[in-house]
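It should be emphasised that the depicted structure is a prediction, and the values quoted were computed from it without experimental measurement. Quick note on labels: first sequence line is chain A, next is B, and so on, each numbered from 1. FYI, side chains are in, hydrogens and waters are out, and symmetry mates aren't considered; it's all heavy atoms of this structure.
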Number of protein chains: 2
Amino acid sequence: MESSGADSASGFERVLAYLRERLLDGTLKPGERLMAERELVRQLGVSRPIVREALRALHMLGIVEIRDRIGTVVKRPDASALKDFFTLALAQQADLIDDVMEARIAIECQAVRLACERATIADFEKLQRALIRIGETIDDADTGSAADFDFHRAIVLAARSPTLAMLHESMATLLAISHRNRRLLVQRFDSMKSYLVDDHKRVFDAIVKRDPDRAEVTLRRHFAIGDEYRRRAVIGEGDRADARTAQSE
Amino acid sequence: MESSGADSASGFERVLAYLRERLLDGTLKPGERLMAERELVRQLGVSRPIVREALRALHMLGIVEIRDRIGTVVKRPDASALKDFFTLALAQQADLIDDVMEARIAIECQAVRLACERATIADFEKLQRALIRIGETIDDADTGSAADFDFHRAIVLAARSPTLAMLHESMATLLAISHRNRRLLVQRFDSMKSYLVDDHKRVFDAIVKRDPDRAEVTLRRHFAIGDEYRRRAVIGEGDRADARTAQSE
DNA sequence: ATCTTGTTCTGGTAAGACCAGTACGATGAC
DNA sequence: GTCATCGTACTGGTCTTACCAGAACAAGAT
């Protein structure tokens, strides 16, 4: 039953490699239905359970959608597929957040530069609306972190780069959680309120003035200061009198 | 065969839900071996193929490691498990090579900053070796582009960020081809040789001196100049006499 | 032309079997 | 008693066969 070509790898690996190749070389495009399971069985010389394992694996990654009694179709992958990963991974290893955060910074710093070149008036308006909302929701962790995130998302979208947007969205899923927690610190540091408002404003100004260097530096500083707040929170500092109340983090 | 509790969901979902729960509530911790497949079969009242589908799915997410003839153990997950996802996700917009390239720049510029902080002596050595190889292979497109890429990869690895490394590698897969084509231009521009050598050298120096700002600026300029060469190549320019010979790109 | 009815194809699942190594306890030699 | 050897039970990896239920589609009946 090893007639059809390359063995050496396990059956599962073989099926996966086959599908991966088709997906990479464009033979299989989003929306297209790939061959039936039994057909794959015939072509690759493996059993159906193995084929199903591979398809499920791809399904788990959001690459493919298995429609009961219809067939398996290639999906346009989106970040929501990573929800399971982030949920489980985070439960096992909380410090993953810092690592992913670094990737997010990478994406946004590049995005803000591109945004300086490519942002339209509509983008400016969207950014400004987000900016206003940040000021309005400064005292609420939930709506506040949402507003904050909208602003950052708007930057990435203004960069007009599908890839950057996709990557950012992927990170967003995970970071939404930590982002909200971070915002809870706002209650502990009065100075953080102006930090949140002013910093974003400065980034916005740099974008409007189409100054990539200043935009990036400002954004980078913004992240660094946020980190610094978090550090101080961990060691129990605060610039309000009731700082001790939430010390046990 | 539906004795053990909650049905309603598909068998696969049930197994996944069961395992997810164990993983989230801490019953299953990294390093621990979870029950044998056949045991899961008994406990959940599903067939073994289904159990295996679920385990493979978790394996695909990097949550679990399936060791042949040993058992399935919980892994400490890191973002590298998502390589397949990102590689395939990026492939579906691969018509936008320039766009992916921008994302790569984002990753590397962040990485080079982190590398300035975190690079070890061993990293310096690796970078230097790559640097030397770039000089040695300057006239060959294949080995030359490989050396070039090794240098850039070394930067990312020196950043010691699994997520950045994973993203970079995903893009590398897609960019390998265009990267090589780009290198063919070296035959057309004598000045590009010194560009390749000197630029990388300058980036290396900045890393060794642990100067993030200079490292990033230098790297950014490096990419920009590469782009400029490509632009000039497209319009048929060149600084060698036989520039016209390879005009049809 | 439309409705009905199959047949056929799809994925979803179960059950049973075999292989090839591993782990570990029992057995043997020393 | 200690240590090496050997079985055996158990593990994951795979294949095979089989059945189900719903979708698709084409052919026939109305």
Does any donor atom in the side chain of R104(B) or Q110(A) lie under 3.5 Å from an acceptor atom in the other side chain? no
Assign each of E39(B) and R56(B) the nucleotide of DNA chain D bearing its closest heavy atom; nearer the 5' end lies the nucleotide of E39(B)
Assess the residue pair R67(A) and V73(A) against the criterion (side chain to side chain contact (heavy atoms under 4.5 Å, CB included)); give the C-alpha distance rounded to whole Å, side-chain angles, the decisive distance to 0.1 Å, and a yes or no. CA-CA 8 Å; R67(A) 286 204 262 242; V73(A) 301; 3.5 Å; yes
For R33(A) and T72(A), indicate whether the former's side chain and the latter's backbone hold a donor-acceptor pair under 3.5 Å. no
Interface polar pairs with nucleotides 5-8 of chain D, N/O, under 3.5 angstrom:
none

Side chain to side chain donor-acceptor pair (under 3.5 Å) with D95(A): which residues, sequence neighbours excluded? none
Test of understanding: with ring pair (Phe, Tyr, Trp, His ring centres under 6.0 Å), list the residues that count as partners of F223(A), not counting sequence neighbours. H152(A)
What residues in residues 58-67 of chain A put a non-hydrogen atom under 4.0 Å from any atom of DNA chain C? I66(A), R67(A)
The side chain of A36(B) lies closest to which of these nucleotides: dG12(D), dG11(C), dA14(C)? dG12(D)
Look at the side chain of V46(B) and decide which nucleotide, out of dT14(D), dG11(C), dA14(C), has an atom nearest to it. dA14(C)
Between C1' on dG11(C) and CZ on R33(A), what's the gap in Å once rounded to a whole number? 10 Å
Between T120(A) and D123(A), do the side chains contain a donor N or O and an acceptor N or O under 3.5 Å apart? yes
Between R42(A) (CZ) and dT16(D) (C1'), how many Å, whole number? 15 Å
In whole angstroms, the gap separating P of dC9(C) from CG of D68(A) amounts to 18 Å
Looking only at dC15(D), dA23(C), dA24(D), the nucleotide nearest the P49(A) side chain is dC15(D)
Just to verify, what does D227(A) make a side chain to side chain donor-acceptor pair (under 3.5 Å) with, not counting sequence neighbours? none
T72(B) side-chain N/O to dT11(D) phosphate OP1/OP2 under 4.0 Å: no
Between CD of E37(B) and P of dG16(C) the distance, given in whole Å, is 17 Å
Residues A159(B) and A111(B): closest non-hydrogen pair is CB-O, 3.4 Å
Sidechain-backbone polar pair: R14(B) side chain, L44(B) backbone, donor-acceptor under 3.5 Å: yes
What closest approach, in Å, do V41(A) and V46(A) show between heavy atoms, and which atom pair accounts for it? CG1-O, 2.9 Å
Protein and nucleotides 17-21 of chain C: nitrogen or oxygen contacts under 3.5 angstrom:
unit_1	atom_1	unit_2	atom_2	d
dG21(C)	O5'	R69(B)	NH1	3.3
dG21(C)	O4'	R69(B)	NH1	2.6

Between P on dT14(D) and CG on L55(B), what's the gap in Å once rounded to a whole number? 13 Å
In whole angstrom, give the distance that lies between atom CD1 of I50(A) and atom P of dT16(D). 11 Å
Once you round it to whole Å, what is the distance between C1' of dT10(C) and CG of L40(A)? 13 Å
Phosphate OP1/OP2 of dC15(D): any S47(A) side-chain N/O under 4.0 Å: yes
Do D148(B) and S145(B) meet the criterion of a side-chain donor-acceptor pair at a distance under 3.5 Å? no
T137(A) (side chain) donor-acceptor with D140(A) (main chain) under 3.5 angstrom: no
